[in-house]
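In listed order, ligands and their atoms are each counted from 1.
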Amino acid sequence: MERREFLTWMGIGSLAASLPVVLAACQSETVEETADPAAETAAETGDTAAAAGDSEVVGTLAELDGDGFILNESASIGPVLVVAQPDNPTALEAVNPTCTHAGCTVDWDGEATEMICACHGSRFATNGDVLQGPAMDALERYTVSLDGDNVVVSPA
Ligand code: FES
């Protein structure tokens, strides 16, 4: 093997040896970019609630006082129904209003202080527990809190 041929093979060998390192560097950069797109979007828009996790403002105390409930069907964590506990109006409950029987949206009955599903008659307590079937499972609950006048929910 001549000297020139030897040097050419050494150059190709060096390139081949460094290829896995280059690929690994590119791969870890890709993972970092897609690690948390929601947080990245929140950071860009200044949405601090979303940046802090999955918590989200779904309405205001004024809406709750006026209507007796908040129904937000477009929240990013899913549909949300917020009501006050009947025996403690300052304590709030938040549930996913999707009926666990067959998926209809339950309605809030302020007089009965229950959630009622018009499809087949299931009834749920303010905390989502089943009071009457045919639904067998409680409504999904959310954690609810107040941030000033804003009602904020997050997954339980
Ligand atoms: Fe609610 Fe059937 S879907 S009771």
Side-chain angles (χ1 to χ4, degrees), residues 16 18-156:
S18 64
L19 190 57
V21 174
V22 171
L23 289 176
C26 290
Q27 186 176 19
S28 65
E29 186 173 317
T30 301
V31 169
E32 287 173 17
E33 287 176 3
T34 59
D36 189 0
E40 188 174 305
T41 301
E44 290 171 1
T45 61
D47 184 352
T48 54
D54 294 324
S55 62
E56 181 174 358
V57 174
V58 296
T60 65
L61 274 178
E63 291 174 87
L64 193 59
D65 288 342
D67 298 333
F69 66 96
I70 295 171
L71 177 61
N72 185 326
E73 295 184 276
S74 60
S76 63
I77 62 172
V80 177
L81 177 61
V82 179
V83 298
Q85 293 177 359
D87 54 347
N88 184 0
T90 59
L92 303 179
E93 297 280 1
V95 298
N96 182 329
T98 305
C99 182
T100 55
H101 177 237
C104 294
T105 299
V106 301
D107 297 315
W108 172 244
D109 182 337
E111 278 188 34
T113 61
E114 296 174 357
M115 297 164 201
I116 299 172
C117 182
C119 289
H120 308 105
S122 289
R123 304 173 82 87
F124 301 89
T126 54
N127 67 359
D129 286 348
V130 176
L131 298 174
Q132 174 184 306
M136 302 289 287
D137 298 315
L139 300 174
E140 178 187 6
R141 294 184 70 177
Y142 297 122
T143 299
V144 59
S145 61
L146 294 175
D147 180 14
D149 188 42
N150 292 325
V151 178
V152 179
V153 297
S154 57

For atom 2 (Fe) of ligand 1: protein N/O/S atoms at distances below 2.8 Å: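 Count of protein N, O, S atoms less than 2.8 Å from atom 2 (Fe) of ligand 1: 2.
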Value rounded to 0.5 Å, distance of CG in Asn150 from OG in Ser55: 11.0 Å
Distance (rounded to the nearest 0.5 Å) between Glu93 CD and Leu139 CG: 11.0 Å
Audit row: Glu56, Ser76, side-chain hydrogen bond (donor to acceptor under 3.5 Å, both in side chains) steps and yes/no: CA-CA 8 Å; Glu56 181 174 358; Ser76 63; 2.6 Å; yes
Taking every non-hydrogen atom, the tightest pair across Glu114 and Trp108: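 Where Glu114 meets Trp108 most closely, the heavy atoms are O-CE3, 3.4 Å.
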Disulfide (SG to SG under 2.5 Å) partners of residues 106-156, not counting sequence neighbours, each pair once: Cys104-Cys119
Among Leu92, Ile77, Leu81, side chain to side chain contact (heavy atoms under 4.5 Å, CB included) partner for Tyr142: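 The option that passes is Ile77.
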